[in-house]
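We count ligands from 1, going down the list as the structure has it; atoms in each ligand are counted the same way. All of these numbers come straight from a predicted model, not from anything done at the bench.
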Amino acid sequence: MGYDFTDYEPYDFANRRHIGPSPEEMAQMLAAVGADSLDALIDRAVPQGIRQLSPLDFGPALSEQDALSKVRAVAQKNAAMTSLIGMGWHGTVTPPVIRRNVLENPAWYTAYTPYQPEISQGRLEALLNFQTLVSDLTGLPVAGASLLDEATAAAEAMTLARRGSKSKAEAFFVDKACHPQVIAVIRTRAEPLGIPVIVGDPEGDFDAEAAFGALFALPGTHGEIRDFSAQVAALQAAKGVAAIACDPMAMLLLKSPGEMGADIAIGSAQRFGVPMGAGGPHAAFMAVSDKLKRSMPGRLVGVSVDARGNRAYRLSLQTREQHIRREKATSNICTAQALLAVIASMYAVFHGPDGLKAIAQRIHLKAARLAAGLERMGFDVGPEAFFDTITVKVGALQGVILRSARAEGINLRPVGEDAIGIAMDEPATDDTIAAVLRAFGAEPEAAAQMAAARVAHRLPEGMARESGYLSHPIFRMNRAEAEMTRYIRRLADRDLALDRAMIPLGSCTMKLNATAEMIPLTWPEFANVHPYAPEEQLAGYAEVVADLSEKLCAVTGYDAVSMQPNSGAQGEYAGLLAIRGWHRARGDAQRDVCLIPVSAHGTNPASAQMAGMKVVPVKTAANGDVDLSDLRAQAEKHAAKLAACMITYPSTHGVFEETVREVCKITHDHGGQVYLDGANLNAMVGVARPGDVGADVSHMNLHKTFCIPHGGGGPGMGPIGVKAHLAPFLPGHPLGGGRVGPVSAAPWGSPSILPISWMYCLMMGGAGLTQATKVAILAANYVAARLDGAYDVLFRGPGGCVAHECILDTRPLAESAGVTVDDVAKRLMDNGFHAPTMSFPVPGTLMVEPTESEPKAELDRFIDAMLSIRAEARDIEEGRADPENNALKRAPHTVEDLVGAWERPYSREQACYPPGAFRVDKYWPPVNRVDNAYGDRNLVCTCPPMEAYAEADAEAAE
Ligand SMILES: *Cc1c(COP(=O)(O)O)cnc(C)c1O
């Protein structure tokens, strides 16, 4: 036998990494759907009228190694200097045990949002720890499981205050000591809602009667620390709601918002172990008083019980949220910052209350030594009392000192024309302090001495924190790394993420998050960059943003992209603000009606409401399409006021509607703009472009189509693409400029996760991306073909095909066997699967999106599981199984079901090992079915006291 060389192209490897089915498997799948070739299937599934004319051309696909080298070269154009700029971002040390075992661990980062609690107990516990941390530090009883960033959390505080306030005042007061980007994002949010914003000094300008709510800063952006108890009391006496933006690190030493009587506290948990990343991602937080908990925005983890009465976690009070309340929701938040909240909570678990306090004290003393040194040098240092941030008057020396500091590798904050701000952080050492002193002109020897001198604390009198925190045993575990490693592992093992099984979530595109794509994230040149460092230090980021934007324009057919929105929902909001800005610039300020099909994702109406628009629903036709005659009627009826129509393409029903151009035309003819929700872009890349079918603006969920992992509910990136006429109305820079205000705290939202999407594009190339789309469509049609008959596949488009997802009707089972969609979802856990999307867009159905990344064997395993569930329902229908006491109704089954008495009419074998479940590698849900109603009735949103654990253990032993 001779040597047999195969002529592999790197392109083939790109496909083999990301695209699940092998060429042979694809042939089998094509046979099952009755198509001669992949292209023949695409020709059938995608209407000719919307097909993209020229192929995506990004040059050749790069190998992993070449892509990493390319990204490495670009990363090196960033300068990872020491940034003591403050403004809400601080240097921090991610403990390596957390970095390796959480941030770099697919068991954590590939998980989905914990809507299915039984298979999400690990991250739910970590998020409950986060809530406990936030609740303790802010001194308020109820905290949510993260918001997007501090600035948007502040804007949410404003709207929450308005919901919660009984004051007749119209304005919202904002402490001028809030960070400038926080004030800017509040202004953006306030403007379309018609809320006047008063920015002023809480000690001089604050009139409690003039505002329905207020936000104070603790500490202020220049370091000032004030007790707001009097302002809070005055505001509450006038029936207003008081919010305080606080630094959680400072709260370890200072009187908390809760102790000042505040109703709301917000802030950023970034400095609890999450790198700055040039802005994000990191977890913002919000905590509220008991009376506001039911109108709080965002996700809230609560404690409930399972079918055995054991403690189980779940998401609470979901009826506040956009997917249920739509335009009446408390916010549009869907994707938040779950992974970053987990990291921050683990940082607190790792250090414990004493370790955290020591970090805070060290940070303070570093600032105190620096202040003392500068004072000795004759500088005027303020404020008198501070935590970590000081402001130094330097007059005409500002430029010189900033430059000298940069020469020392340190960024300081220019304040006005004649002052410099410095915020000390966890990584800073005496050398850092000495370098700053040298930049201010100290001789090296004197600088070193002053940096190491012993000084008294400079915290304000009467503001010392008196209440305790983190008394729960979780935060007081043995500090051995063995314990920490095992705790993180234990929680991860409770969850079912993409590292174990496909997650066939319709609309959410849970595809491969390739390891190579994740590598650059933790490089210091990406991780340790401050968003407001001098521009030239962000040159690498600028290049990533520019090239990725160009590629996204090519993919979508738009002319300009803004990377600012931190989630798809924020993209919707930013896109609608662009539409609003455009109308107003044309003198059409009255245009405020937004037509939205009833099948739209809940974020659509919620975002429209935030952008000051009135939502008018449009009917769905029987085939799932937008009802054109209703659309036309509504557009005519509201012609004078029509601002926008929000559609999703392919539709939320998983169909390429042939009428999409007509929908756009009707909207345009009546003066409106078309917002095309791009969450389903995975069905379009390389095949069709939103910009070509008539849409004006879309968001792209980079955490869906472009491989950023879901992180158990975030982070995300929802950049928007617009046609040229809307480009002037893209979000402005958070520090000023632009015709529309900023929507995020940082100019590029969460840039540190952009290299993931960029790597994906580089390694796939245009042809690879197009192939991915085609295979995603093939996989959905394969699942639909194989399950058709067992379940009705609702809605098909042209050629009898679905797009990249399909809806399986489980409603008939409710009638024939009393089996609900919930029962099917829970039973899938026994089979070793995360359920598909439940009850969206059609109640009682499952929406399956297999994506291009799943090998055929995994698709078949899922199909077998769904078929076996159908067979189990038939056993009930035909009297072979008990209508109540059966494997579907009692799913999921746990290890507890394997031991002890078993008095059920079905076997343990059937319970625990249905088709699809692995024998050796069986995934065991850690809890039986969770009681949702119990959890909402008995709301517990912080770690339950230790006695509760003892009780549960005792009950379990009985
Ligand atoms: C996921 C999704 C959104 C919202 O995106 P987030 O990033 O979660 O805010 C909007 N519309 C559709 C159709 C989606 O699937």
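- Residue, atom and distance of the protein heavy atom nearest to atom 11 (N) of ligand 1 are D677 OD2, 2.6 Å.
- The closest approach between N701 and ligand 1 falls below 4.0 Å for a heavy atom of the residue.
- S507 OG, 2.6 Å is the protein heavy atom nearest to atom 15 (O) of ligand 1.
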**Asked** Yes or no on ring-ring contact (aromatic ring centres under 6.0 Å, His included) for Y760 and H18, after CA distance, side-chain angles and deciding distance?
**Response** CA-CA 9 Å; Y760 173 58; H18 186 83; 4.8 Å; yes
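- Of the options K704, H710, M717, the smallest heavy-atom separation from atom 3 (C) of ligand 1 is shown by K704.
- The proximity of H703 to ligand 1, defined as any non-hydrogen pair under 4.0 Å, is limited to the side chain.
- For atom 9 (O) of ligand 1, the nearest protein heavy atom (residue, atom name, distance) is A569 N, 2.8 Å.
- The shortest N or O to N or O distance between G568 and ligand 1 is under 3.5 Å.
- Only the side chain of A679 comes within 4.0 Å of ligand 1, counting heavy atoms alone; its backbone N, CA, C and O stay farther away.
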**Message:** What verdict does the side-chain contact (heavy atoms from CB on, under 4.5 Å) test give for M510 and H710, after you've listed the backbone C-alpha separation in whole Å, the side-chain angles of each residue and the deciding distance to 0.1 Å?
**Reply:** CA-CA 8 Å; M510 298 290 289; H710 253 65; 3.5 Å; yes
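- Ion pairing of E321 with R326 is absent here, as no side-chain N (NZ or NE/NH1/NH2) approaches a carboxylate O to less than 4.0 Å.
- Of all atoms in ligand 1, listed by their number and element, those nearer than 4.0 Å to a heavy atom of S567 are 7 (O), 9 (O).
- Protein heavy atom at the shortest distance from atom 8 (O) of ligand 1 is T335 OG1, 2.6 Å.
- Shown here for S331 and Q322, the closest heavy-atom pair between the two residues is O-CB, 3.7 Å.
- Aromatic ring pairs are classed by plane angle as parallel below 30°, tilted from 30° to 60° and perpendicular above 60°; the pair H699 and Y675 is tilted.
- Between F840 and H601, the ring-plane angle classifies as perpendicular under the 30° and 60° cut-offs.
- For ligand 1, the atoms lying closer than 4.0 Å to a non-hydrogen atom of E572 are 10 (C), 11 (N).
- For the pair R189 and Y573, the distance from NZ or CZ to the six-membered ring centre is under 6.0 Å and the angle to the ring normal is within 45 degrees.
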**Request:** Before giving the answer on side-chain contact (heavy atoms from CB on, under 4.5 Å), spell out for R580 and E191 the whole-Å C-alpha distance, their side-chain angles and the decisive distance to 0.1 Å.
**Result:** CA-CA 11 Å; R580 183 171 190 277; E191 194 268 329; 2.7 Å; yes
